[in-house]
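Worksheet: one structure, shown below.
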Amino acid sequence: MNAKVVLGAQWGDEGKGKIVDILSSECDMVARFQGGANAGHTVIVKDKKYILHLIPSGILHDKVDCVIGNGVVLDPAAFFEEIKFLREQSINPDGRIFILPNTQIIMPYHKLIDNLSENKDQKIGTTGRGIGPAYTDKSARLGIQAIDFFDTDILSFKIKNNLKQKNILLKNYYNQNEINFETMLEEAISIGKKLLPYILTDSLYVNKAIKSGKKVLIEGAQGALLDIDHGNYPFVTSSNPTIGGALTGLGIPPKAIGETIAIVKAYATRVGEGPFPTEQKNEVGDELRKIGSEFGATTGRPRRCGWLDLAALKYSHSINGYDSIAITKLDVLGEFSEIKICTDYKLNGKVIDYFPIDYKTLNQVEPVYTTFPGWTVNLQGASKYDKLPTEAKKYLNFIEEFLNVPIKIISIGSERSETIFVNEN
């Protein structure tokens, strides 16, 4: 069991990028299992910021291989932009980035339909990057897989079939011009020529790496509460950022997982539409956003901010079975004299013992808070757990005891060095 899985335990944007980067230093491989370029992992090394959307954060370590799994929908334009960015930062990705053959490819028409749908249909806060339409095609068995670029006849057949459907939709529903088949095929062939050096032919590449004894770190995008099956549908992402998605998104068995790590931001944020019980539409929310620089790494959109929601995290833990927790952005709370944690929900005046997955009910719940005194000091000088203020340790202990999951990593700043490993005290 040489694989560790890093999962966002909230609504995404928990700081997975930094934690993956830190843990990657002791790994042979980092594999991404779901999502697309709608996610953004930010890593800061010596005041230099690296924002990655598809390529795993492990790429910043010279000897780490990075795999994009079949659960991902890959946008070639975004992928090549990241390759270019890495080269500009003197990071050589050659021979270290691999795409599983059954990975779905986002085509230009997916992005077009995504944007048209967000403007015309129900607004759910999509990034407009073609993620949803690509996953739709995957489920409808119309998708273009990475391995299709090895065979022009298969590629041509699939694109022709796709455009029959897409052009009817574009013309008759969205009142747009149809897409020319020859033009699209030519563009796809051009994309394929650039992608082929990265595409594997063995779909069990990660599986075999784990069996051979390599240390593999598995990362997802978004967060568990945005899971398409277990989130507040339809205000969710188009894939499964939960533990089940890690298995199917890379082709590995449950026994391959040695540890499941929950990334938990010390407060809560959410991007886009959807219910958010602990959201603070006031000065508290404004301060959290300002101090925590809560703006999307991919879109730049301001994030909605609120207090930590343990009722939601308990639900997240039930689905994923976390073995440990990495708390991020604890330093942001250092500006507050009073801090709150939601422990339960009230519905119609009564405490409920479950997490409502229908968005209408979740919008109606009233958070039940426990209030803690703040520590109002800068945490960045604390190199060990024992050096944290008593108030901060009480806050962390409450989280541990409530969820019955140990906190092993605490991030108190954006730099690699601003990290406390609890078991090293």
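Quick note: numbers below take in every heavy atom, side chains included, and nothing from hydrogens, waters or symmetry partners. In what follows, residues are counted from 1 in the order of the sequence shown.
The side chain to side chain contact (heavy atoms under 4.5 Å, CB included) test applied to Asp94 returns Arg87, Asn92, not counting sequence neighbours.
Note on ring orientation: taking the six-membered ring where Trp is involved, the planes of Phe355 and Tyr315 are parallel (angle under 30°, cut-offs 30° and 60°). Using cut-offs of 30° and 60° for the angle between ring planes, the Trp11 and Phe276 rings count as tilted. The aromatic rings of Tyr198 and Phe79 sit perpendicular, their planes meeting at an angle over 60°, well past the 30° parallel limit.
Counting only heavy atoms from C-beta outward, the side chains of Val73 and Tyr135 approach each other to under 4.5 Å. The side-chain heavy atoms of Ile243 and Leu7, taken from C-beta on, include a pair separated by under 4.5 Å.
In this structure, Gly69 and Thr103 approach most closely via the heavy-atom pair O-OG1, 3.1 Å. Summarising the geometry of Ala224 relative to Ser316, their closest heavy-atom pair is CB-OG, 3.5 Å, with the distance given to 0.1 Å. Across all non-hydrogen atoms, the minimal contact from Leu195 to Pro76 is CD1-CG, 4.2 Å. Heavy atoms only, all atoms of each residue included: Ser414 and Lys18 are closest at O-CD, 3.8 Å. Looking at every heavy atom in both residues, Val206 comes nearest to Ala31 through CG2-CB, 4.2 Å.
One side chain, Asp229 or Asn240, offers a donor N or O that lies under 3.5 Å from an acceptor on the other. A side-chain N or O of Lys265 and one of Thr269 form a donor-acceptor pair less than 3.5 Å apart. Side chains of Thr242 and Asn320: no donor on one and acceptor on the other come within 3.5 Å. Side chains of Ser24 and Asp21: a donor-acceptor N/O pair is absent below 3.5 angstrom, by distance only. Side-chain contact annotation: Lys171 with Asn167, donor-acceptor N/O pair under 3.5 Å absent.
Aromatic rings of Phe98 and Tyr205 (six-membered ring for Trp) have centroids within the 6.0 Å cut-off, being under it.
Around atom CG of Asn172, more than 12 heavy atoms belonging to other residues, nucleotides or ligands sit under 6.0 Å away. Few gaps surround CD on Glu400; more than 12 heavy atoms of other groups in view lie less than 6.0 Å from it. When the shell of 6.0 Å around NZ of Lys393 is examined, it contains more than 12 heavy atoms from other residues, nucleotides or ligands.
A cation-pi arrangement, defined by a distance under 6.0 Å to the six-membered ring centre and an angle within 45 degrees of its axis, is absent between Lys329 and Tyr267.
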